[in-house]
Amino acid sequence: MIIAVAGSIGVGKSTVARALAARLGYRYLSAGEAFREMARRRGLSVLELNRLAEQNPDLDREVDRMQAELARAGSCVVESRLAGWMVDADLKVWLRAELPIRAARVAQRERIPVEAAERDLRERGASEWQRYRTLYGIDINDLSTYHLVLDSGFWSAEDIVDVIALLVERMQRPDRAVGTAGSGEERR
């Protein structure tokens with residue numbers, strides 16, 4: 001089973017995806033880590049690499065292509081902003097949280113002031129929205145490709161992992177019929 005975990009910057013995608021992969025015994029794949037590593041190798045900040053990617057779409061394509069190829073190798077949890085669109089996943093989850101919550105998380109992780117994190121999130125978000133729209137025709141605000149949307153500002157990462165793991169368990173039951181599981185129609 002392939003599970004895609006996506007969402008905006010700072011929603012806890014990595015935390016949830018890592019914990020979920022560990023719980024299920026699946027591989028963990030992170031496009032964000034690959035992008036951050038690409039920035040480090042080039043001596044750039046992630047924001048600087050985002051700006052460079054606006055001019056050079058091959059940077060995004062490289063990360064997205066690598067992620068999709070690795071996912072095809074079997075059971076894994078794939079984490080990225082575009083995982084729901086770029087990976088043929090059995091379960092697609094979008095995590096969301098309000099900007100102040102995301103900024104506080106990023107500020108703590110990057111050891112920067114919250115105001116700077118919020119400014120960077122706004123700028124990176126606008127850059128990424130434009131790049132994904134231009135490069136792939138994707139509107140990242142359209143969540144229709146996702147099976148499940150959860151607010152990580154409301155529930156803890158552990159709660160979210162519990163919910164997703166339960167759904168995965170139910171999806172793997174041999175008696176599960178696609179499109180009818182839990183609909184109640186079979187009981188009427």
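Model, not experiment: these values are computed from the prediction.
Scanning all heavy atoms of the two residues, the minimum distance from D90 to M171 falls at O-CE, 3.4 Å. The two residues S8 and W94 come nearest to each other via the heavy atoms N-CZ2, 3.8 Å. The two residues A21 and R27 have their closest heavy-atom pair at CB-O, 3.9 Å. The nearest pair of heavy atoms linking T15 to A157 is CG2-CB, 3.8 Å. Nearest approach of R105 to A97, heavy atoms of both residues: NH1-CB, 4.2 Å. When every heavy atom of A103 is checked against every heavy atom of A117, the shortest pair comes out as O-CB, 3.4 Å.
Linking ILVMFWY side-chain heavy atoms closer than 4.5 Å, directly or via other members, places V5 and L143 in two distinct hydrophobic clusters. V168 and V16 end up in the same hydrophobic cluster when Ile, Leu, Val, Met, Phe, Trp and Tyr side chains are linked at under 4.5 Å. The hydrophobic clustering, which links ILVMFWY residues whose side-chain heavy atoms are closer than 4.5 Å, places L150 and F154 together. V114 and V106 are not part of a single hydrophobic cluster, where members link through side-chain heavy atoms under 4.5 Å apart. Residues Y28 and M1 are members of separate hydrophobic clusters, defined by side-chain heavy-atom contacts under 4.5 angstrom among Ile, Leu, Val, Met, Phe, Trp and Tyr.
Atom CZ of R170 sits about 13.5 Å away from atom CG of L91, to the nearest 0.5 Å. Distance check: Y132 OH to N141 CG gives 12.5 Å after rounding to the nearest 0.5 Å. A distance of 9.0 Å separates CZ of R96 from CZ of R102, quoted to the nearest 0.5 Å. In this structure, CD1 in I164 is found 7.5 Å from CD1 in I3, a value given to the nearest 0.5 Å. A distance of 11.0 Å separates CG in L95 from CH2 in W155, rounded to the nearest 0.5 Å. Taken from CZ in R61 to CG in L135, the straight-line distance is 4.5 Å, to the nearest 0.5 Å.
A side-chain contact (heavy atoms from CB on, under 4.5 Å) with Y26 is found for one member of L20, V78, I2, V77 and no other, namely V77.
No more than 12 heavy-atom neighbours from other residues, nucleotides or ligands sit within 6.0 angstrom of CD on Q108. Within a 6.0 Å radius of CD in E158, other residues, nucleotides and ligands contribute 12 heavy atoms or fewer. For R111, the CZ atom is loosely surrounded, since the number of other residues' heavy atoms within 6.0 Å does not exceed 12.
Two residues are said to be in side-chain contact when any heavy atoms from C-beta on lie closer than 4.5 Å; L59 and R42 meet this criterion. Residues L52 and L49 meet the side-chain proximity criterion, which asks for heavy atoms closer than 4.5 Å. Two residues are said to be in side-chain contact when any heavy atoms from C-beta on lie closer than 4.5 Å; R81 and I9 meet this criterion. For the pair D120 and E110, the minimum side-chain heavy-atom distance is 4.5 Å or more.
Salt bridge annotation for E118-R122: present, with a cationic side-chain nitrogen under 4.0 angstrom from a carboxylate oxygen. Here E169 does not pair with R23 in a salt bridge; the nearest charged N to carboxylate O distance is not below 4.0 Å.
K13 contributes no side-chain N or O that, together with a main-chain N or O of S80, makes up a donor-acceptor pair within less than 3.5 Å. In terms of modelled atom types and a separation under 3.5 Å, the side chain of S152 and the main chain of V11 share a donor-acceptor contact.
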